[in-house]
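To start, the structure under review is shown below, and the notes come after it.
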Amino acid sequence: MASGRDERPPWRLGRLRLLPSPPLLLLLLLRSSAQAAHIKKAEATTTTVAGSEAAEGQFDHYYHEAALGEALEAAAAAGPPGLARLFSIGRSVEGRPLWVLRLTAGLGPPPTAAAGMDAAGPLLPGRPQVKLVGNMHGDETVSRQVLVYLARELASGYRRGDPRLVRLLNTTDVYLLPSLNPDGFERSREGDCGLGDSGPPGTSGRYNSRGRDLNRSFPDQFSTGKPPSLDEVPEVRALIDWIRKNKFVLSGNLHGGSVVASYPFDDSPDHMTTGTYSKTSDDEVFRYLAKAYASNHPIMKTGEPHCPGDEDETFKDGITNGAHWYDVEGMQSTETAVHIGIKGFVKDSVTGAGLENATISVAGINHNITTGRFGDFHRLLIPGIYNLTAVSTGYMPLTINNIMVKEGPATEMDFSLRPTVTSVLPDSTEAVATPATVAVPNIPPGTSPSHQPIQPKDFHHHHFPDMEIFLRRFANEYPNITHLYSLGKSVESRELYVMEISDNPGVHEPGEPEFKYIGNMHGNEVVGRELLLNLIEYLCKNFGTDPEVTDLVRSTRIHLMPSMNPDGYEKSQEGDSVGVVGRNNSNNFDLNRNFPDQFVTITDPTQPETIAVMSWMKSYPFVLSANLHGGSLVVNYPFDDNEQGVATYSKSPDDAVFQQIALSYSKENSQMFQGRPCKDMSILNEYFPHGITNGANWYNVPGGMQDWNYLQTNCFEVTIELGCVKYPFENELPKYWEQNRRSLIQFMKQVHQGVKGFVLDATDGRGILNATISVAEIDHPVTTYKAGDYWRLLVPGTYKITASARGYNPVTKNVTVRSEGAIQVNFTLVRSSTDANNESKKGKGDSTSTDDASDPTMKEFEALIKHLSAENGLEGFMLGSSSDLALYRYHSYKDLSEFLRGLVMNYPHITNLTTLGQSAEYRHIWSLEISNKPNVSEPEEPKIRFVAGIHGNAPVGTELLLALAEFLCLNYKKNPVVTQLVDRTRIVVVPSLNPDGRERAQEKECTSKNGQTNARGKDLDTDFTSNASQPETKAIIENLIQKQDFSLSIALDGGSVLVTYPYDKPVQTVENKETLKHLASLYANNHPSMHMGQPGCPNKSDENIPGGVMRGAEWHSHLGSMKDYSVTYGHCPEITVYTSCCYFPSAAQLPALWAENKKSLLSMLVEVHKGVHGLVKDRTGKPISKAVIVLNEGIKVHTKEGGYFHVLLAPGVHNINAIAEGYQQQHSQVFVHHDAASSVVIVFDTDNRIFGLPRELVVTVSGATMSALILTACIIWCICSIKSNRHKDGFHRLRQHHDEYEDEIRMMSTGSKKSLLSHEFQDETDTEEETLYSSKH
């Protein structure tokens, strides 16, 4: 390096930066991009591969603004489906997206159910991640273009089958970020080499919009000052967050200003401007990689760039150590902390599961790497012999010596680690000790152990508008770790806000516990409200820089609700010490006396705030919680009351756990721990040893929230009194934060104590939802969440823990819990009927599950259904779909008919319009089918119907179904999720069952019954009987219900906000109640307010419907309903959705009603693909149609053409009996998952039973009977023959002994009963005369 400059001007601070990579990728990137990059940088006029195509208009201009996104979309489209994912990791200062294009084979359907970084899709096991970042300095533009060209070349090359590119993208996960500084790019000037640019920061395109050099804004290992603030550089923050969420093997940072490959470190401890070689532990690897790149570049390999202004600058072999060239405190040092290398997996030796964040160390090299999500790792090393060690917390370390690394592909080496803690039982295979929190974060190198976290600065009382702005601000500034949502509204319609803080906000990560704080339950107790706002600020500002905060946020999903009673707060007064003004909600009810109680019946109506919070607690797998109050200084734990209603200790089964977690808070608050909180207030001269108390021992509180949490959910909750003054003056707020900040953090950490793990199905390894975890001698079981994950808080000790689930054999393990963290104990349960089923199948046919392994598209669709069933899966789908619908007016019958015809004309390939019949006034009852093969029988596909307008005065359902139909048509072939749902579902929409009534109804009549009935005055929902009298009901019965080919039906009505399930008629028991209620709950839970159970209708303002779901007869009992008929005679489950309190609201409300119901309606299209899909055939493979499938000894369905059947069932184990004439009856069990269908093939044998008895027995008996009959016949014949001979002998005797015979004649003539002739010898055909005649001879 010949240059002797002491300082490099800004326009020269550019270069290509490299981190470890497979050589194959480096060579490919070299050929595809480096040559063009050099020529652009040097402003050469020679022709490149890219330039040769400029005439085609592809490479002759820069991509500005939206054109960049469009160019990346076009590049992605150049490849085959499933190769590319385009997403954004964040936004620049001016709001431009930071686009990333991911390229790797086998990605599956595009990520329509996710946004931001989540849209990148899942990681692929064993496939190294590589990223290239361009345009970090906005005026260094070549890399921005080259990465777009590279993306296009990779995608199109893969499509055309280029063997190198196919091999590359089949084995490598490539990420291209063309522009990290899009704001700077827009300010840059084409043709400007920067030689004369000496303006202040921000005036050129080099810097971001706040005048910051992005490559000087990363935390640096050698920095001695304060770490740079990321608030000014959202681009850097986004990149750091992205790096930390992934395990990149290689990163190239593409710059301009010279032609050289620079490798770490970029700076040194003494920060000499130039000339200091700053060596990494992997210096030889970096030199090897840099040289591999440079040696394949025609200019770089010469080492003589000849750049203007530095014509004499040289680089040996075209490479340089960064700090040796010039000192840069920046990005490259940070990125070395995430590289991974030698290829393999680290696994649990017992379960075979991959171990994430296991450490891989190489003897003699002071640089460790960690494993990825699947336990996979890549450790780059130059050829040689190495000793590698794998270490993971809770496992015995393992070292493998003398591993040979050669030129070429990486050596494969797997590690199988043995757990250090296991159950003492022989079958204990999955108990693993883990630290209290999940993993040590990737803290920037050089972070001091004495690092001081950033403290909050916003200390003032926040009224609701102020609090709302505060929450929105932090949600906007920290989108990668926050998610702001509302549980509903207070009595006065204020939002009940919750701020979620997590490294993956908006998503439950299996195995990660969820925690919550609730403040301001009593409106005049305000300290908790302000502390939680302080806590939000503290967590957000310290994430990524403070190890404790970073670790906590990464390992815990935190929910903070600053105010449960915002109405009461607004009535309260600053300075209130012991008052009650504002304590209650706006209906003047104490919210902490409003929850159902175990000892006392709460008669007060349940309040909106209470309902919202109860619904919230039932929806999330909370493990630990605290309710922040004021008026004393103590941690209060359950139980809060007792049967006697007096102040005495009321111990819960987990009293020891509650004492432990209560002490974790009080010990960090010195004043609280002393136990005499309010000694200056004589009337409250209380004493609490160590600052904790049992609730009922302090005073009796019936209807409290903490007890309800413990008894009705898996969550342990305490109540924390934060100070003796309920509404202190503003200037005292910093003191409260200082007193409680350590307590708040330490209490959250308690969520990682005790036992955690998964309950898995031994058959398929999937998690079991709602399995029960019970601890011997502690009468408080907890249940598993969707992925089978559970958490059970326990104090240190040895426990006998049992996992059980319906349809499975329970498993018990002995586990020792320690104080340093949670013990992971996984349970694998065997289905209880497996052995019995196998025995019953011998010689009788089979009933087996099938996975459709031969159909990869089916596998993709199953994965899509599972993804859409996951938490927030549908939100991303809706965000990625077009929903520009014209919901501004109601459709009259004429308009409706024209609308439907318009859909068919515009979308003829997926729609078919038919009429089911006519109404009393001869209007058509239209039925619209939406399917990829409309009007073609596809019995293997599930069929779903949506029906609305049974009451003409409630037309909202009609409009929602028209919107749904248009939504599906608009997005078909545009949105991949919609496309797959339409392709694999037969959707029937009947928008108006009662068109006559609709014509008479009037808009804005909320309670009018005008139009409710049909033209003949009949309520159609009472006419679904075997003697239906109305043409409308007859049309539905004959043409829809009685066809018995639907799997699910949804009816939309009005007059409230809830879902009802069968039956509407009063019945003692409801067959299949569990499934029917499950379907209704699914709709309600996807509705923003329905699941809260308080419709709030004006005529029934106090109506409370738990979960928003109720059996029809319990709400409005009546006979002849459509859903009862559908279940009984159509063998199809049907739910009725009431969409709004007002029967006929203003058309202006339609967009809002569509927004409220859209997700729920779409969830039904997903749900119809679950349950049990079956095929019935005989031993020859012939499908058996019209077989009867009886489930759980009650529900009956019939197989369709082709032997197919489909039935929706609630998650769990179900019995199946299959009956077909001429075949043996089959019995089996099937396990139904909550997020996927179970496939069953039933194979019949010919029936060997006759008269109900086995054929073998019947044949044997028949044979024996025939033999007996033949034998009997032979005996009779023989006897008759003998007697016949004796008869002949008698005639001879007559001649020989005439006298004796005359005596016999005389005896006969006198009627003697002793006559032998009358029985043995007399021929009854002879007359007496003939006999005498014979005797005379």
Side-chain angles (χ1 to χ4, degrees), residues 594-597 601-608 610-612 614-615 618-619 712 947-948 950-951 954 957 1007 1009 1012 1019-1025 1048-1087 1089-1130 1132-1143 1157 1160 1164 1167 1192 1194-1195 1208-1210:
N594 198 233
F595 286 78
D597 192 88
T601 300
I602 304 300
T603 58
D604 291 341
T606 309
Q607 296 303 294
T610 307
I611 292 169
M614 286 195 296
S615 177
K618 287 283 192 179
S619 301
Q712 300 299 323
V947 182
I950 193 170
H951 294 131
T1007 58
K1009 299 297 179 69
Q1012 182 180 47
D1019 185 337
L1020 297 182
D1021 204 36
T1022 63
D1023 193 50
F1024 282 86
T1025 66
L1048 177 61
S1049 177
I1050 295 91
L1052 304 185
D1053 207 346
S1056 190
V1057 182
L1058 78 155
V1059 188
T1060 64
Y1061 59 90
Y1063 288 92
D1064 285 323
K1065 63 183 178 182
V1067 291
Q1068 295 298 318
T1069 59
V1070 177
E1071 291 181 356
N1072 205 25
K1073 177 180 179 180
E1074 191 176 349
T1075 297
L1076 295 170
K1077 189 173 182 180
H1078 168 74
L1079 294 170
S1081 297
L1082 186 75
Y1083 192 102
N1085 290 337
N1086 282 291
H1087 190 284
S1089 61
M1090 190 179 288
H1091 67 279
M1092 297 177 187
Q1094 191 172 28
C1097 298
N1099 53 335
K1100 293 183 178 180
S1101 58
D1102 60 344
E1103 190 172 37
N1104 181 23
I1105 300 165
V1109 171
M1110 185 173 285
R1111 183 161 63 92
E1114 295 174 352
W1115 194 55
H1116 287 158
S1117 177
H1118 64 283
L1119 300 176
S1121 75
M1122 180 167 65
K1123 65 170 167 282
D1124 288 5
Y1125 195 94
S1126 176
V1127 171
T1128 305
Y1129 297 103
C1132 170
E1134 180 171 294
I1135 59 173
T1136 303
V1137 178
Y1138 296 85
T1139 57
S1140 66
C1141 293
C1142 180
Y1143 284 123
N1157 288 275
S1160 295
M1164 296 293 101
E1167 189 66 19
N1192 302 324
I1195 315 158
L1208 296 179
L1209 295 168

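Since the structure is predicted, the reported quantities are computational estimates derived from the model, not experimental observations. What you see below is based on every heavy atom in this structure, not just the backbone, and it leaves out hydrogens, waters and symmetry mates.
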Nearest 0.5 Å, please: how far is [atom2] in [Y] from [atom1] in [X]?
{"X": "Leu1079", "Y": "Glu1074", "atom1": "CG", "atom2": "CD", "answer": "11.0 Å"}
{"X": "Gln1094", "Y": "Ile611", "atom1": "CD", "atom2": "CD1", "answer": "3.5 Å"}
{"X": "Asp1023", "Y": "Tyr1125", "atom1": "CG", "atom2": "OH", "answer": "10.5 Å"}

[Y] side chain reached by [X] side chain, heavy atoms, under 4.5 Å:
{"X": "Ile1050", "Y": "Glu1134", "result": "no"}
{"X": "Gln712", "Y": "Lys618", "result": "yes"}
{"X": "Phe595", "Y": "Thr610", "result": "yes"}

Donor-acceptor under 3.5 Å ([X] side chain, [Y] main chain):
{"X": "Gln607", "Y": "Pro605", "result": "yes"}
{"X": "Ser1056", "Y": "Leu1058", "result": "no"}
{"X": "Thr1075", "Y": "Ala1210", "result": "yes"}
{"X": "Ser1121", "Y": "Asp1064", "result": "no"}
{"X": "Lys1073", "Y": "Arg1111", "result": "no"}
{"X": "Ser1081", "Y": "Lys1077", "result": "yes"}
{"X": "Asn1086", "Y": "Leu1082", "result": "yes"}

Shortest non-hydrogen contact from [X] toward [Y]:
{"X": "Ala1084", "Y": "Gly1108", "value": "CB-O, 4.3 Å"}
{"X": "Pro1095", "Y": "Cys1141", "value": "O-SG, 3.7 Å"}
{"X": "Cys1142", "Y": "Ser1140", "value": "O-OG, 2.7 Å"}

[X]: side-chain contact (heavy atoms from CB on, under 4.5 Å) partners, not counting sequence neighbours:
{"X": "His1087", "result": "Val1057, Ser1089, Met1090, Glu1156, Asn1157, Ser1160"}
{"X": "Ser619", "result": "Ser615"}
{"X": "Pro1062", "result": "Leu1076, Lys1123, Asp1124, Val1127"}
{"X": "Asp1053", "result": "Ile950, His951, Ala954, Thr1136, Tyr1138"}

#### Entry: Criterion side chain to side chain contact (heavy atoms under 4.5 Å, CB included) on Ile1135 and Met1164, from CA distance to verdict
CA-CA 11 Å; Ile1135 59 173; Met1164 296 293 101; 4.2 Å; yes
### Task
List in chain and number order the residues that pass ring-ring contact (aromatic ring centres under 6.0 Å, His included) with Tyr1143, two or more places apart in sequence or in another chain; answer none if no residue qualifies.
none
### Task
Apply ring-ring contact (aromatic ring centres under 6.0 Å, His included) to Tyr1061 and list each qualifying residue two or more places apart in sequence or on a separate chain.
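By the ring-ring contact (aromatic ring centres under 6.0 Å, His included) rule, Tyr1061 matches no residue at all.
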